[in-house]
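Heads up: the structure comes next, in structure tokens.
Small disclaimer: the values here were computed from a predicted structure and weren't measured.
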Amino acid sequence: MEYSFNAIEKKWQEKWKADHAYQVSNESTKPKCYVLDMFPYPSGTGLHVGHPLGYIASDIFARYKRLKGFNVLHPMGYDAFGLPAEQYAIDHGIHPAKSTKQNISNFREQLDRIGFSFDWSREVNTAEPNYYKWTQWIFLQLFNSWYDRQKARAMPISELIEAFEKEGSISVSGYRSMTSFTSDEWKKYSEKQQQNILMEFRLAYCGFGEVNWCEGLGTVLANDEVINGFSERGGFPVVKRKLRQWYLRITEYADRLLEGLEKVAFSDAMKEMQSNWIGKSFGAEIDFVLSTDKTKKLRVYTTRPDTIFGVDFMVVAPEHDLISELTTTTEKKSVEEYISYVKSRSERERMAEKKITGCFTGSYVLNPFNQRQIPVWISEYVLAGYGTGAIMAVPCGDERDFKFAQHFNIPVTNIIGSHFNGKEANSTKDAFLENSDFLNGILMRDAIPLVNKKLEELKIGNPRVNYKIRDAAFSRQRYWGEPFPIIWKNGIAYPLDEKDLPLELPKVESYKPGPDGEGPLANLKEWTSRHLETNTMPGYAGSSWYYLRYMDPHNNETFCSRQASDYWNQVDLYIGGTEHAVGHLLYSRMWCKFLYDLDLIGFDEPYKKLVNQGMIQGSSRFVYRIEISGTNEMEVLAKQKPVFISDGLKNKPFPELQKEISDLLVSTWGSGANNIEIISVSRLHVDVSFVDGLELDINAFKSWRPVYAQSVFVLENGKYICGSEVEKMSKTKFNTVNPTELVEKYGADTFRIYEMFLGPVEQSKPWDTKGIEGVHRFLRKLWRLFFDETKGRVWTNEKATEAELKVLHRAIKKLDEDTDRFSFNTAVSASMIMVNELGELKTHKKGILEKLLILLTPYAPHICEELWHLLGNEGSVLDASYPIHDEKFLVESSKLYPVAINGKTRAELNISLEASQQQVEELVLADEAVKKWLNGNSPKKVIYVKNKMINIVV
RNA sequence: ACCCUGGUGGCGGAACAGGUAGACGCGCAGGACUUAAAAUCCUGUCUGCAGAAAUGCGGGUACGGGUUCGAUUCCCGUCUGGGGUACCA
């Protein structure tokens, strides 16, 4: 009986489907385990080998946990709202719902071939009304909540209104932008005034702000969707523009998002990225009064108040409110010129050039401690949105300030003595201050609290904690997203009644943007006549809470019953790419904390453990075509019969190259080829499937496209060698590898194992199909433990020998440990060793083979299930229980001895070896002792190993 | 510019807590079986020197230093591949 993987895999996939083998219940006496993948955006290009990497890893882990006796939730779904579908609709006139549906069915078909253990009965789709009904519902909760800083949690906005009615604004002080009012004043305010104040508190709020406006997409993008001033998708230029926007007040959660990192198992790199993004810094705000008008002050934010006497100039952002007041008549013209120059520069230019630019306002402020006059400058390196939009510049301690001072010839005050060399700034905190009045001689770190205290005493400033994180833009002027359940009346946003949810996305004729930067919904009369909000929610809305919906996907009463979320609780293992480090992961963590605050769920961190799978890169191949100049006739010929040169020739000087291949050119293009000139060599991506290693399959290339049919090749050693480069996997680079093709050729089990065998899951690596044969061979070897080509079935019921049990138990231990710690590549190696060793021992004992199948089921579910049944087992191997290794079969070989030296026991020896001063001596003693122990014979080799036993080779 | 990651044979990678570097697989070379091929199996495969051979001696984990009895592993500096970023005071 042969290993016919195609038939086996098809059979079991159908059987599992028919039996609902992966359906999981919310009720079980077993412990629970929630294994989650970041759900995919169903793009039109289908799956490439990079996509399933994380899914395979999580699937192995989920199956492993199931065998270990856990009730495992392992769901899958689709993040179906998004720009590409809408862009596709604009280009092709196909409704996003239709193309998305098509894409989803393609994805599903490809996924199903790989044999995942997803519980598809829990599938979610963020674009389905019965899903986004609850996205809208959660939005309404956010809209109807505010963040009570005293209690450090979200509270219903109704409580805030009550407080305003009773006590006015006093009870909620601490909000900078809020005007204060009494309860009587509050009651006298118009509804609009009241609502405007409440809007400053709502966790989902509407405001005006400078946003990234992308004309090409007709929409606003979040910071993390803009790359170097161009849209991430489409590459259209992005400019700043003020628009009405919805925001999530994620800034209120900054501290808790930071603290929460301590109790989750994310990688250090991931935690660092998130905490850098949140960017908590401790510093002070300091007021500087204008030298000409002491009632006017310029407030700065600094993290180094200790350097106050080193301030040589001030810098304000070009957008700063005080600029018109600061600018003197003599400087007016140059300031205006500078500001218009800054506006003309795109983000991209500002990023790329790192030019030092700036302009003097003509004004001076006074250092509050010594009344020194300090000039005020404007520069684009100070950002309006961070801190107060103004800084005190200390050139001897800050690199940017120093460069600015140098560029504009501003004299530098040195307050750190020899730590400053006059050539570059030194940001040390460990210098003793000089030229610093009452701080002279004090260590900088110690001076910080001193200055803060003084600032408060003199009422010229106060310590302040600042965050880099900004509120998240939460609206898009787009069609393909969740509509906001908001109705506008007289400029007031009213929430829709919960019973009117879902507010369904209407069908539109055109996906073109509406007027004045509004979304396509603004073109719809039935929509605008109801005064509904015309923005839609961004892509991350639906993905911020989907992990909860899987727990209770069909509930029509609530987004997820408390019973279900209490049972499944946190995601035990979350797998996905690092690209979502600061977007999705922060937003979903915030939503989780918010839902926790409202007591709708019982935990405030969604993911207990996060594993970031590495990116699988493509390995691109190139061919090199020579470009010529000559007569028209020759140039046409050169296009019809292109000449490609092998990789080793591409860097030759053109005249030399031309001389070398002139015969070939003449025979290809005729004698006219003598009068042409090679002017360049162009590099073209070639489909990786035509290349074996680096050698091009010339015939395959010729039949690729008609234009290449008559190609001519200049070879090296009889071969055409392609160039290669590691790049992102992409259809346009012809370096994608389709998993379905590999599954057809080698089977899903081989494909799964090969993806894992490629290297650590977390590591990025280029794809290379070479080597998959070895994995396939391994599965065939496994098969041969059960079936012999000539003899047929070979397994027996005999008792296993000691040697066989040793192999088995070593494998159990290794696979158990490796699978548990996500080291799937080494687990696969261990499996190969085990199967090889059992093959050598000619082991066909049923008892051993059964255990083997259980161990390998997570990796190769189909073949294991088949063999499990062929052995005569009734139930599915899915429900087997994971074997436990027995230490008694793992005793190390007799070459490893525990040794007593110099009459000391091993335990004592441990102590001696750790005392480093005596180590040399002790080791010599050890050698002697070993000799003695061997009755005077010298050992061949003595190796000291880490468990402090001595390994002696006799 | 800054932050995060990596750099080990011809290749992917292993060495889990500082203890015999190169497991496992690919590729390559040789051999067995076969009319032949496929499939399968066996042997060898970091490197220099010595040896008929088993084997022995030395070098070696990007480069240069350091800590240690001992370093692929820890520290400092340099070079380099990949990813990220919001000039954050």
Hydrogens and angles aside, do [X] and [Y] bring a side-chain donor and acceptor to less than 3.5 Å of each other?
{"X": "A:T357", "Y": "A:E380", "value": "yes"}
{"X": "A:Y859", "Y": "A:D749", "value": "no"}
{"X": "A:N466", "Y": "A:K280", "value": "no"}

Nucleotide of [options] approaching [X] most closely (side-chain heavy atoms):
{"X": "A:R821", "options": "B:C16, B:C24, B:A89", "value": "B:C16"}
{"X": "A:R470", "options": "B:A86, B:C16, B:C26", "value": "B:A86"}
{"X": "A:M832", "options": "B:A89, B:G25, B:A86", "value": "B:G25"}

> With sequence neighbours left out, which residue pairs that include part of residues 757-767 of chain A fulfil the side chain to side chain donor-acceptor pair (under 3.5 Å) condition?
Replying inline: A:W767-A:T769
Between protein and nucleotides 2-4 of chain B, what N or O pairs are separated by less than 3.5 Å?
| unit_1 | atom_1 | unit_2 | atom_2 | d |
| --- | --- | --- | --- | --- |
| B:C3 | O3' | A:E272 | OE2 | 3.4 |
| B:C4 | OP1 | A:E272 | OE2 | 3.3 |

In whole Å, I'd like the distance from the [atom1] atom of [X] to the [atom2] atom of [N].
{"X": "A:K765", "N": "B:G13", "atom1": "NZ", "atom2": "P", "result": "8 Å"}
{"X": "A:Q274", "N": "B:A86", "atom1": "CD", "atom2": "P", "result": "15 Å"}
{"X": "A:F757", "N": "B:G25", "atom1": "CZ", "atom2": "P", "result": "7 Å"}
{"X": "A:K770", "N": "B:C28", "atom1": "NZ", "atom2": "C1'", "result": "11 Å"}
{"X": "A:F824", "N": "B:G13", "atom1": "CZ", "atom2": "P", "result": "17 Å"}
{"X": "A:N612", "N": "B:G84", "atom1": "CG", "atom2": "C1'", "result": "13 Å"}
{"X": "A:I772", "N": "B:G25", "atom1": "CD1", "atom2": "C1'", "result": "12 Å"}
{"X": "A:I753", "N": "B:G12", "atom1": "CD1", "atom2": "C1'", "result": "16 Å"}

Rounded distance in Å between the [atom1] positions of [N] and [M]:
{"N": "B:C24", "M": "B:G44", "atom1": "P", "result": "11 Å"}
{"N": "B:G7", "M": "B:U61", "atom1": "P", "result": "13 Å"}
{"N": "B:G6", "M": "B:C75", "atom1": "P", "result": "12 Å"}
{"N": "B:A15", "M": "B:G83", "atom1": "P", "result": "25 Å"}
{"N": "B:G81", "M": "B:A62", "atom1": "C1'", "result": "11 Å"}
{"N": "B:G19", "M": "B:C11", "atom1": "P", "result": "26 Å"}
{"N": "B:U68", "M": "B:G18", "atom1": "C1'", "result": "9 Å"}
{"N": "B:C4", "M": "B:A17", "atom1": "C1'", "result": "25 Å"}

> A:N825 near the nucleic acid: base, sugar-phosphate alone, or nothing, with a heavy-atom cut-off under 4.0 Å?
Replying inline: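 Sugar-phosphate contact only - A:N825 comes under 4.0 Å of backbone atoms but never of a base.
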>> Between A:H776 and A:Y754, does the ring pair (Phe, Tyr, Trp, His ring centres under 6.0 Å) criterion hold? Intermediate values first, please.
In response: CA-CA 8 Å; A:H776 190 58; A:Y754 185 59; over 10 Å; no
Between the protein and nucleotides 38-43 of chain B, list the N/O to N/O atom pairs that are separated by less than 3.5 angstrom.
| unit_1 | atom_1 | unit_2 | atom_2 | d |
| --- | --- | --- | --- | --- |
| B:A39 | O3' | A:R780 | NH2 | 3.0 |
| B:U40 | OP1 | A:R780 | NH2 | 2.7 |
| B:U40 | O3' | A:R784 | NH2 | 3.1 |
| B:C41 | OP1 | A:R784 | NH2 | 2.9 |

>> Quick check for you: to the nearest 0.5 Å, what is the distance between A:K806 atom NZ and A:L841 atom CG?
In response: 11.5 Å
In chain order, what residues pass the side-chain hydrogen bond (donor to acceptor under 3.5 Å, both in side chains) check against [X], with sequence neighbours excluded?
{"X": "A:R445", "value": "A:D430"}
{"X": "A:K403", "value": "none"}
{"X": "A:S281", "value": "A:Y301, A:Y386"}

Report the residues that fulfil side-chain contact (heavy atoms from CB on, under 4.5 Å) with [X], sequence neighbours left out, ordered by chain and then residue number.
{"X": "A:N825", "result": "A:P760, A:S823"}
{"X": "A:D398", "result": "A:R400, A:D401"}
{"X": "A:E837", "result": "A:V807, A:R810, A:I833"}
{"X": "A:D287", "result": "A:K297, A:R299"}

>> Could you check B:G65 for me: syn (within 90° of 0) or anti?
In response: anti
> Between the side chain of A:T388 and the main-chain N/O of A:A390, is any donor-acceptor distance below 3.5 Å?
Replying inline: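 Here the side-chain-to-backbone pair exists.
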> Would you write out the dot-bracket form of RNA chain B, 5' to 3', with Watson-Crick and G-U pairs under 3.5 Å, [ ] for crossing pairs, | for pairs to other strands and . for unpaired bases?
Replying inline: (((((((..(((......[....)))((((((.......))))))(((((....)))))..(((((..]....))))))))))))....
Is there any protein nitrogen or oxygen under 3.5 Å from a nitrogen or oxygen in nucleotides 81-83 of chain B, and what are the pairs?
| unit_1 | atom_1 | unit_2 | atom_2 | d |
| --- | --- | --- | --- | --- |
| B:G82 | O2' | A:Q617 | NE2 | 3.4 |

>> Below 30° counts as parallel, above 60° as perpendicular, anything between as tilted: where do the rings of A:W377 and A:F404 land?
In response: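 Geometry flag for A:F404 against A:W377: perpendicular rings.
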> Which comes earlier along RNA chain B counting from the 5' end, the contact point of A:L758 or that of A:D818, where each point is its nearest nucleotide?
Replying inline: A:L758
> How do A:V775 and A:K814 order along RNA chain B: which one's closest nucleotide is nearer the 5' end?
Replying inline: A:K814
>> When you measure from the side-chain N and O atoms of A:Q763 to the phosphate of B:G13, is any distance below 4.0 Å, counting only OP1 and OP2?
In response: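 Yes, such a contact exists.
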> Hey, mind stepping through A:Y587 and A:I250 against side chain to side chain contact (heavy atoms under 4.5 Å, CB included) and telling me if it holds?
Replying inline: CA-CA 8 Å; A:Y587 301 132; A:I250 193 170; 4.0 Å; yes
